[in-house]
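Some notes on the structure that comes next.
Note that this is a predicted model, so its numbers are computed, not measured.
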Amino acid sequence: MTTKNKVMAEDTESTTVQEKLTRKRIFINLVDSYEGGAISKFLSTCVINASLEELEEEEDTESVKSDTLVTKEGTYEIVGTLKNQDGEKPEWVTEIFNFKDKAQMLEHMSECDVVIYDINEDPGQIDEATWAVSALHAELERFKIPKIFILLSTVMTWAKSKPLDPDDPEIPFTEDDYRRRKPHPNFKNHISAEKLVIKHGKTNKAKFVTYVVATGLTYGAGEKIFHDLFRTAWHGNTDALQCFGNGMNILPTIHIKDLAGVLQNIADSRPKTRYLVAVDDSQNTLEDVVKIISTDLGTGKVKHITKEETLLKKDVKQSDFDMLLVNLRMDGVYIKENMNIRWIAETGLKENITDVIKEYKQTRGLLPMRACVLGPPASGKTSIVQALCKQYKLHHIKINDVIREAIEMLEKSAARVDSDENEDDDGKAQEDHELLETIMENKEANNGRIDDQYIIPFFRDKLHSMPCQNQGFILDGYPKTMEQAKELFAVDDEDEQEENSKMPVFDKNIMPEVIISLNCTDEFLKDRVMNLPESVVAGTHNTEDGLQRRLQEFRVLNEEDTTVLNYFDELEFHPENIDVSKETDPKNQNIVEQIVKIMGEPRNYGPTADEVEEMDRIKAEKRLKKEQEEKDEIERKEAEEKAETIKRQTEWTNRLEEVKRQEQEVLENQSIPLRNYLMKHVMPTLTQGLIDCCKVRPDDAIDYLAEYLFRNNPQID
């Protein structure tokens with residue numbers, strides 16, 4: 001081998017050895033749970049020892065905020081267990097440990113450099129965590145490389161701690177005070193596990209070091225403990241978001257990715273402090289949290305309910321109840337001063353609510369669906385939109401409803417002009433009062449119609465409302481012209497319009513993603529309206545004259561190149577044309593199914609528990625009805641078969657009796673000559689002979705009768 005080849009071989013061998021030395025495996029329990037999943041996904045993208053280096057801030061922050069899974073060289077290898085044993089392995093996890101035998105589990109766990117056990121989300125993992133740390137501690141003399149055990153616990157082990165200074169209860173607890181911590185009564189098992197982990201880490205720190213991380217209430221990603229608040233606000237089905245108690249209790253919190261950053265730093269740097277507090281800088285109260293979620297995701301209103309009422313809610317678990325009512329001021333001094341964390345929300349949930357809501361929607365797939373259905377009058381737009389809104393749980397936007405709701409709001413606001421409530425209104429009531437008068441005058445001057453300059457702002461307000469921004473909407477037959485569309489979807493930011501002057505600019509928050517154009521002939525529409533019942537047509541525009549007028553207006557607006565469809569086409573939102581003249585179903589079910597294929601899968605929570613129950617009930621009723629119908633059909637057929645059998649048996653019996661009767665008649669008819677002959681020539685002599693035989697009673701009656709017959713044989717000519 002040449003010197004050059006030897007050097008290359010040595011370099012290759014050195015690289016292989018280096019890869020083995022730098023390759024690190026992290027075990028995390030329940031990688032399919034909320035915390036386990038978010039932490040394992042985060043750590044799978046972390047380059048080993050990256051937290052020991054200073055990276056550029058912009059690149060760092062963007063990479064941490066992104067949910068996209070980016071594979072890098074030299075990252076941690078993730079292994080773990082599943083909460084759902086039948087579930088699939090997450091794509092960022094290398095291997096799943098599913099061993100019922102603890103010896104096998106320990107063998108594979110011993111191959112990991114870092115073992116993380118989360119008992120914060122699932123207290124049912126406490127026994128397994130204490131077994132794991134004890135089993136690893138018993139094997140520490142066999143470890144060839146140092147190992148780290150991290151117990152992810154909760155600040156609830158501090159819930160009943162006495163204030164550091166009775167005269168100043170606002171002084172926060174820090175890591176240095178961990179020996180003074182007192183747990184909540186329902187979290188005593190957690191503090192026992194913490195003490196055991198700390199104890200096992202003192203035996204041989206060179207080979208086996210242990211850490212306890214007391215984490216605040218986690219938020220971010222798809223949410224967990226605050227999920228009910230986010231979900232309720234997103235649905236918008238309640239007037240106000242509920243706050244438990246008076247809401248004045250301080251909640252120690254931390255973003256789930258910031259918590260993962262703390263664990264990354266521990267794995268990289270092996271800090272000397274063994275007990276760490278992981279919380280952000282916020283000192284938000286429960287009311288602060290509920291208020292900001294309601295404001296930025298819901299109606300903005302908050303309703304306080306008592307603790308007793310809270311416990312009666314079936315969807316509130318005891319552990320969540322305890323955590324949401326904890327009152328703790330905590331400061332994670334060590335992680336802020338000694339760790340290199342790429343903070344997502346260092347200032348807390350309230351200050352970062354916009355990003356948190358965006359992350360929540362993306363993680364849960366709760367992206368609004370926006371569509372617009374256009375077409376000539378009487379083409380079935382409203383019934384189709386109703387069916388689509390029901391299926392996708394979207395808001396049906398009709399021009400009459402938008403105008404009515406806007407007028408009602410203006411009237412309600414204008415009514416406060418002369419009331420005491422108007423003092424802190426900053427003139428809003430007076431402005432609404434004047435606007436309402438102007439609109440009423442405009443309506444009266446235009447024969448009951450309102451100009452676009454008033455209608456379009458109504459539409460913009462409606463489409464920007466929280467329900468439409470959360471779930472989405474379907475526009476029913478509006479806008480009708482290109483001018484209306486341009487004004488409706490225009491952006492308010494003039495700078496943005498100038499920067500993007502090459503391409504038409506539009507409001508992305510309200511622009512429909514799907515445009516449906518219903519097409520059919522005037523003759524088809526006239527025939528459809530003519531066949532409608534009188535009760536349906538009465539009081540609508542679908543009379544013969546009304547339909548003709550509306551059709552003429554529609555065709556005029558859609559003849560040139562400046563139609564509303566051209567507007568969408570120019571913005572590359574190409575309309576989908578659907579021919580409704582072939583539809584025979586009055587409910588337009590086939591058309592709805594075509595549009596569903598275009599719009600795709602729903603982007604919402606799906607059916608609620610009550611809706612699932614109702615669907616199951618309807619399904620069960622249909623099944624029972626079908627089974628009963630099948631049973632009735634079987635019984636009917638059996639009854640028919642039985643009746644047919646009886647009928648055939650009766651017919652066969654009747655025929656058999658008839659045959660017997662006829663045979664008897666034939667036999668009787670055939671026997672008449674013989675009977676006549678016997679009665680004339682035989683029976684008189686034979687009868688007299690028998691009488692004489694009875695009188696004489698000879699010894700040989702037969703011989704006597706024979707002689708009698710011979711003697712008295714009549715002479716036959």
Does this structure show an ion pair linking [X] with [Y], if we count only N-O contacts that are shorter than 4.0 Å?
{"X": "Arg231", "Y": "Glu223", "answer": "no"}
{"X": "Glu346", "Y": "Lys336", "answer": "no"}
{"X": "Lys224", "Y": "Glu121", "answer": "yes"}
{"X": "Arg181", "Y": "Glu194", "answer": "yes"}
{"X": "Lys313", "Y": "Glu309", "answer": "no"}
{"X": "Asp288", "Y": "Lys291", "answer": "no"}
{"X": "Glu627", "Y": "Arg623", "answer": "yes"}

Does the separation of the ring centres of [X] and [Y] fall below 6.0 angstrom?
{"X": "His108", "Y": "Phe99", "value": "yes"}
{"X": "Tyr605", "Y": "Trp234", "value": "yes"}
{"X": "Tyr219", "Y": "Tyr360", "value": "no"}

Could you check whether any side-chain heavy atom of [X] comes within less than 4.5 Å of a side-chain heavy atom of [Y], counting everything from C-beta outward?
{"X": "Val289", "Y": "Lys350", "answer": "no"}
{"X": "Asp101", "Y": "Met105", "answer": "no"}
{"X": "Leu52", "Y": "Asn340", "answer": "no"}
{"X": "Pro183", "Y": "Lys188", "answer": "yes"}
{"X": "Met339", "Y": "Ile266", "answer": "yes"}
{"X": "Val133", "Y": "Leu151", "answer": "no"}
{"X": "Lys147", "Y": "Val115", "answer": "no"}
{"X": "Met369", "Y": "Met599", "answer": "yes"}

Backbone N or O of [Y] within a donor-acceptor pair of the [X] side chain at under 3.5 Å?
{"X": "Asp113", "Y": "Arg25", "result": "yes"}
{"X": "Ser294", "Y": "Val290", "result": "no"}
{"X": "His184", "Y": "Asn186", "result": "yes"}
{"X": "Arg364", "Y": "Gly222", "result": "yes"}
{"X": "Thr210", "Y": "Val197", "result": "yes"}
{"X": "Thr45", "Y": "Phe42", "result": "yes"}
{"X": "Ser44", "Y": "Lys41", "result": "yes"}
{"X": "Glu287", "Y": "Met248", "result": "no"}
{"X": "Arg274", "Y": "Pro271", "result": "yes"}

Minimum heavy-atom separation for [X] and [Y], please, with both atom names.
{"X": "Arg342", "Y": "Asp258", "answer": "O-OD1, 3.8 Å"}
{"X": "Val93", "Y": "Gly80", "answer": "CG1-N, 4.5 Å"}
{"X": "Tyr34", "Y": "Thr218", "answer": "CE2-OG1, 3.6 Å"}
{"X": "Asp118", "Y": "Glu35", "answer": "OD2-OE1, 2.6 Å"}
{"X": "Ser282", "Y": "Gly348", "answer": "CB-CA, 3.7 Å"}
{"X": "Asn249", "Y": "Val326", "answer": "ND2-O, 2.9 Å"}

Got a second to check how far [X]'s [atom1] is from [Y]'s [atom2], nearest 0.5 Å?
{"X": "Leu286", "Y": "Thr253", "atom1": "CG", "atom2": "OG1", "value": "11.5 Å"}
{"X": "Leu140", "Y": "His200", "atom1": "CG", "atom2": "NE2", "value": "10.0 Å"}
{"X": "Lys89", "Y": "Ile96", "atom1": "NZ", "atom2": "CD1", "value": "7.0 Å"}
{"X": "Asn284", "Y": "Leu349", "atom1": "CG", "atom2": "CG", "value": "6.5 Å"}
{"X": "Leu276", "Y": "Asn338", "atom1": "CG", "atom2": "CG", "value": "9.5 Å"}
{"X": "Ile225", "Y": "Leu251", "atom1": "CD1", "atom2": "CG", "value": "8.0 Å"}

Sole candidate of Thr81, Asn29, Thr130 that passes side chain to side chain donor-acceptor pair (under 3.5 Å) when paired with Gln125: Asn29
Would you find more than 12 non-hydrogen atoms of other residues, nucleotides or ligands less than 6.0 Å from Arg617 atom CZ? yes
Atom CD of Gln85 with >12 non-hydrogen neighbours under 6.0 angstrom: yes
Intermediate values then yes/no, side chain to side chain donor-acceptor pair (under 3.5 Å), Asp268 and Tyr76: CA-CA 10 Å; Asp268 285 346; Tyr76 284 107; 2.2 Å; yes
Using the ring of each side chain (for Trp, its six-membered ring), is His190 parallel, tilted or perpendicular to Phe187, with breaks at 30° and 60°?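 It falls in the tilted class, 30° to 60°.
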Is there a donor in the side chain of [X] and an acceptor in the side chain of [Y], or the other way round, less than 3.5 Å apart?
{"X": "Glu53", "Y": "Asn49", "value": "no"}
{"X": "His137", "Y": "Thr203", "value": "yes"}
{"X": "Thr347", "Y": "Asn352", "value": "yes"}

Might you work through the side chain to side chain donor-acceptor pair (under 3.5 Å) test for Asn84 and Asp32, ending with a clear yes or no? CA-CA 7 Å; Asn84 178 13; Asp32 57 340; 5.5 Å; no
Quick one: do Gln242 and His304 satisfy side chain to side chain donor-acceptor pair (under 3.5 Å)? Show the steps, please. CA-CA 6 Å; Gln242 293 181 339; His304 290 269; over 6 Å; no
